Number of protein chains: 2
Amino acid sequence: VIDAPDPTGRARRRAVSYAIDETHDETLRAWVASANTEDTEFPIQNLPFGVFRRREASGAAALVQRMETSRFVGAAQRFEDARVGVAIGDQIVDIGVAAALGVFDDAPDADLVRDAVVACEAWTLNPLMSLGRGPARALRVALSRALRIDGPDSARARDLADRILVPMSGVDLLMPVDVGDYTDFYASVHHATLVGSLFRPDNPLLPNYKWIPIGYHGRASSLVVSGTPIVRPTGQRKGPDEAMPSVGPSRALDYELELGVYVAGENAIGVPIPIGDAEAHLFGVSIVNDWSARDVQSWEYQPLGPFLGKNFATSVSPWVITMDALTPFRVPRTVRPSDDPAPLPYLDDARDRAAGGLEITLEVALRTPAMRASAYEPAVITRGSSAELYWTFAQMLAHHAMGGCFMRPGDLLASGTISGAAPDARGCLLELTKRGAEPLSLPNGESRKFLEDGDEVVMTAWAERPGFRRIGLGRCEGKIVPLSV
Amino acid sequence: VIDAPDPTGRARRRAVSYAIDETHDETLRAWVASANTEDTEFPIQNLPFGVFRRREASGAAALVQRMETSRFVGAAQRFEDARVGVAIGDQIVDIGVAAALGVFDDAPDADLVRDAVVACEAWTLNPLMSLGRGPARALRVALSRALRIDGPDSARARDLADRILVPMSGVDLLMPVDVGDYTDFYASVHHATLVGSLFRPDNPLLPNYKWIPIGYHGRASSLVVSGTPIVRPTGQRKGPDEAMPSVGPSRALDYELELGVYVAGENAIGVPIPIGDAEAHLFGVSIVNDWSARDVQSWEYQPLGPFLGKNFATSVSPWVITMDALTPFRVPRTVRPSDDPAPLPYLDDARDRAAGGLEITLEVALRTPAMRASAYEPAVITRGSSAELYWTFAQMLAHHAMGGCFMRPGDLLASGTISGAAPDARGCLLELTKRGAEPLSLPNGESRKFLEDGDEVVMTAWAERPGFRRIGLGRCEGKIVPLSV
């Protein structure tokens, strides 16, 4: 319980820094050559956490893990061989092996590093997240020192390279977190306005939007890691001109481009998290695709909100980019026109105002079966930025917990669809095609109203800024398959 | 994965019986005297499952368990001394101890009983629920035989009574299940119509209501066991006549009287659960109080549904009454006027039509601080029946999974507020007081629009029918306390 008086020194773990430190130095290079290429997503300035397993057999390993690691089937069935790792170039540092071999023995903040290493002896990142941000940050510094060329603690690591590094090409990346509760927000005012105009032409942006970070509870069980096939859901739907609803595979399957943040630490049930403390509870981010069946959603969503239109699957990218890695890409709280109401005090904080935003560019590419057959590159159909969100993650978390809702380590808060003001910055097909009324033309001559079977959606994201090394978030991809029973 | 071909014989575990068997015999009596009194909730015909811990210290033990048993804080912090038990009169059978002492050695279906016993070596009922209904039913038969006077296997159990029985007075009842996902439905048409008329006078019952078992995703982290104090949530709210929203403790705190069912077994993600299989996935029921902050809810709920108005706490009763214990109380599917549309085929099944309903009476009593001070009995303010629900639990589950949503063992599906047609059968204060417009008069001269600090809400429920022994569901209670920081 992080917000209680804490004689054990946990408060120290809460400290949040917006300061650039040695790990962000643009000139750092790693002794892992692939981390120094121009186009790598994982230079030494990134160091994201994930969970991997050495590949033994091909097949839908990711899906299997999602099922088998469910805590409900009993510990004996969990993957004994799932490991916590950190990406560097095209390699992964096996944290447990590196620690056992003494790679972190001379790192600063030895006690915090030790806590982090113990927490990494797990098959998810939840234990690490339960410690707050401090231990993961200390481990990040230790890794940076161990991996950099001529780093203070790099000699031993370099000597042991073949034991502590695992090539990404030989592993399956697994669900990084066992998400207890998943919440999806609605933080893009452009998305809320555009979608609102499609569902409620007379009343697009509701009066509560600029006061409340609107969100709803998603379905934690249906979170899957990137690469898991997405079965087209069967659903009940009724068009406005149809006399009665019908049942069948969704005819309006869509993606939603989102960014998600995982919670660090926890509150006590009944006790809010003040906005000033919220940033200390943000561990790191991943790309999220909140797949949506628009026909199901529009028929079911009143009065209690989206349900089956959203809960068949939500994909997440496998690497969790820490907030510490993202320090150079913090920007002032997002655009709020001066005639909009000021945030209520529980959502307002000087630090959040100055640096609560995140400048991350996100892109959606579509690859159809015809493109695969004719060697067309996937077509980029959307590019947006999280800097255009109306609410910050700190505001979303402070709002979420204001009534005492119990937030647990690893809970996932997603932004909602990230749409910008520009026509090509709309983060879902619903908006891009105006609910199918204006089909999207693809470079190979095809068009799409919504997703068809065999279509692959590939989301990527990155952060860049002059004076800093560009870092990537990895990929969040999924292919639509029909139900086969 | 229960719906796949199953060479291991798991299919056998799925078998559902609506037949009355030896465990339902009205004339059975237990050698535990307290199980034979007229007013006991736990006669030998009931045998509900729960999780308990011998009490060592007083205090908010239930709350502590909710936090400590969270899987996210690491196994080491879980209660080593939480035990799975079955209620009999004012005693609890410690399943692990009874099995170790050989009490079930001569039971029929020895392999299923053994599976159940192994699954009960846990600190929640999730492993038992993961096996489907078969093993728990076999254990129920074994317990009935071991506990009845002159039962076929009762001699050994009776000799060992002081080792296998634990008095309820000496234990804390803990959260019985670690709920992965919690869904709240809206299955009472009376509730939907009445609440709809308060929130949308022009449009009370939406056009989808009679086609879809409407539901939304609740917040699993905020589920607490009966007896946990409920902190009045702080929230953002705006009355229709107010120029802007304000923040403060909810002024319209309410209870919702519900019945919840826990899921047995699981599907595979992407694969529906047909209506004919749904009953095999219903493990048993508990009483649920979905506490609600009406002022917060009405300001926030459009367009994505209830969020902070519901997620600060939801209470559940500690005993899970198995569907097998409830066999005598099955009734035809609930009232659907003949001019209402027939359920779509995926929601229609002959067995569900004939016996999908449950006749359970539920009651709400309110005890105010003034009543406690002057020795007034709690005032019964609502009595309803689950037989009046518009949708059955099988229909709710089949709908929930129709698009492939992953349902895990121990997931909780609650009915939504149970309101009947009668004025005193309204399952929340919102309805009883018409949103505060007609305060409720209490027998001691007090009145209530909504709940005040210090008020206790006590929900009880039971099933009875001529020719069968009455069984109780236990209690779901909670006391409102102000936030103290």
Side-chain angles (χ1 to χ4, degrees), chain A residues 63 66-67 70-74 126-127 130 180-181 186 196 206 208 211-212 214-222 224 231 233-236 244-245 247 269-272 293 296 299-300 302-308 311-313 341 344 346 402-411 483 485, chain B residues 1 63 66-67 70-74 126-127 130 180-181 186 206 208 211-212 214-222 224 231 233-236 244-245 247 269-272 293 296 299-300 302-308 311-313 341 344 346 402-411 483 485:
Chain A
L63 181 61
R66 184 70 195 91
M67 316 283 293
S70 166
R71 66 199 178 282
F72 304 117
V73 296
N126 297 76
S130 77
D181 279 289
Y186 198 54
L206 295 171
N208 55 16
W211 297 98
I212 295 178
I214 294 287
Y216 73 101
H217 302 127
R219 178 83 191 177
S221 71
S222 292
V224 295
V231 178
T234 295
Q236 188 185 138
M244 57 178 279
V247 170
I269 191 167
V271 180
V296 175
W299 170 229
E300 77 176 356
Q302 285 187 320
L304 300 184
F307 185 43
L308 300 197
N311 70 12
F312 53 97
L344 290 168
Y346 81 98
M402 82 177 296
C405 181
F406 183 25
M407 309 302 299
R408 295 179 291 191
D411 282 349
L483 177 65
V485 271
Chain B
V1 181
L63 181 60
R66 183 71 195 89
M67 316 283 293
S70 167
R71 65 198 179 283
F72 304 116
V73 296
N126 297 78
S130 78
D181 278 289
Y186 198 52
L206 295 171
N208 55 16
W211 296 98
I212 295 177
I214 295 286
Y216 73 100
H217 302 127
R219 177 84 190 175
S221 70
S222 291
V224 295
V231 178
T234 295
Q236 187 184 137
M244 58 178 278
V247 170
I269 190 167
V271 179
V296 174
W299 170 230
E300 77 176 356
Q302 284 188 319
L304 300 184
F307 185 43
L308 301 197
N311 71 10
F312 52 97
L344 291 168
Y346 81 96
M402 82 176 296
C405 181
F406 183 24
M407 309 301 300
R408 295 180 291 191
D411 282 350
L483 176 64
V485 271

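Quick caveat, the model's predicted, so the values are computed rather than measured. All chains are named by letter (A, B, ...) in the order of the sequence lines, taking the proteins before the strands, and each is independently numbered beginning at 1.
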Of the backbone (N, CA, C, O) and the side chain (C-beta and beyond), which part of Ile212(A) lies under 4.5 Å from a heavy atom of chain B, both, or neither?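 Both parts, backbone and side chain.
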Going by ring-ring contact (aromatic ring centres under 6.0 Å, His included), name the residues that satisfy it together with Phe307(B), two or more places apart in sequence or in a different chain.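 With sequence neighbours excluded, Phe307(B) shows a ring-ring contact (aromatic ring centres under 6.0 Å, His included) to Phe185(A), His217(A), His400(A), given in chain and number order.
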What's the shortest heavy-atom distance between [X] and [Y], and which atoms?
X: Gly270(A); Y: Leu483(B); value: O-CD1, 3.2 Å
X: Phe406(A); Y: Arg219(B); value: O-NH2, 3.0 Å
X: Phe312(A); Y: Gly403(B); value: CB-O, 3.3 Å
X: Gly218(B); Y: Asp181(A); value: O-OD1, 4.4 Å
X: Leu304(B); Y: Pro306(A); value: O-CD, 3.7 Å

Can you tell if the side chain of Pro341(B) reaches within under 4.5 Å of the side chain of Met244(A), non-hydrogen atoms only?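 No, every pair of side-chain atoms sits at 4.5 Å or beyond.
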Can you sort out the partners of Gln302(A) under side chain to side chain donor-acceptor pair (under 3.5 Å), two or more places apart, ordered by chain and number?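 Expected list: none.
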Hey, which of [options] has the most heavy atom pairs under 4.5 Å with chain B?
options: Tyr186(A), Trp299(A), Tyr216(A), Tyr346(A); answer: Trp299(A)
options: Val231(A), Val296(A), Val247(A), Asn208(A); answer: Asn208(A)
options: Gly215(A), Gly235(A), Ala313(A); answer: Gly215(A)

Could you grab the distance from atom CG of Leu308(B) to atom CE of Met402(A), nearest 0.5 Å is fine?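 Result: 7.0 Å between the selected atoms.
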Taking every heavy-atom pair that is under 4.5 Å apart, which of Gly404(B), Ala293(B), Pro245(B) has the most such pairs with chain A?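 Between Gly404(B), Ala293(B), Pro245(B), the count favours Pro245(B).
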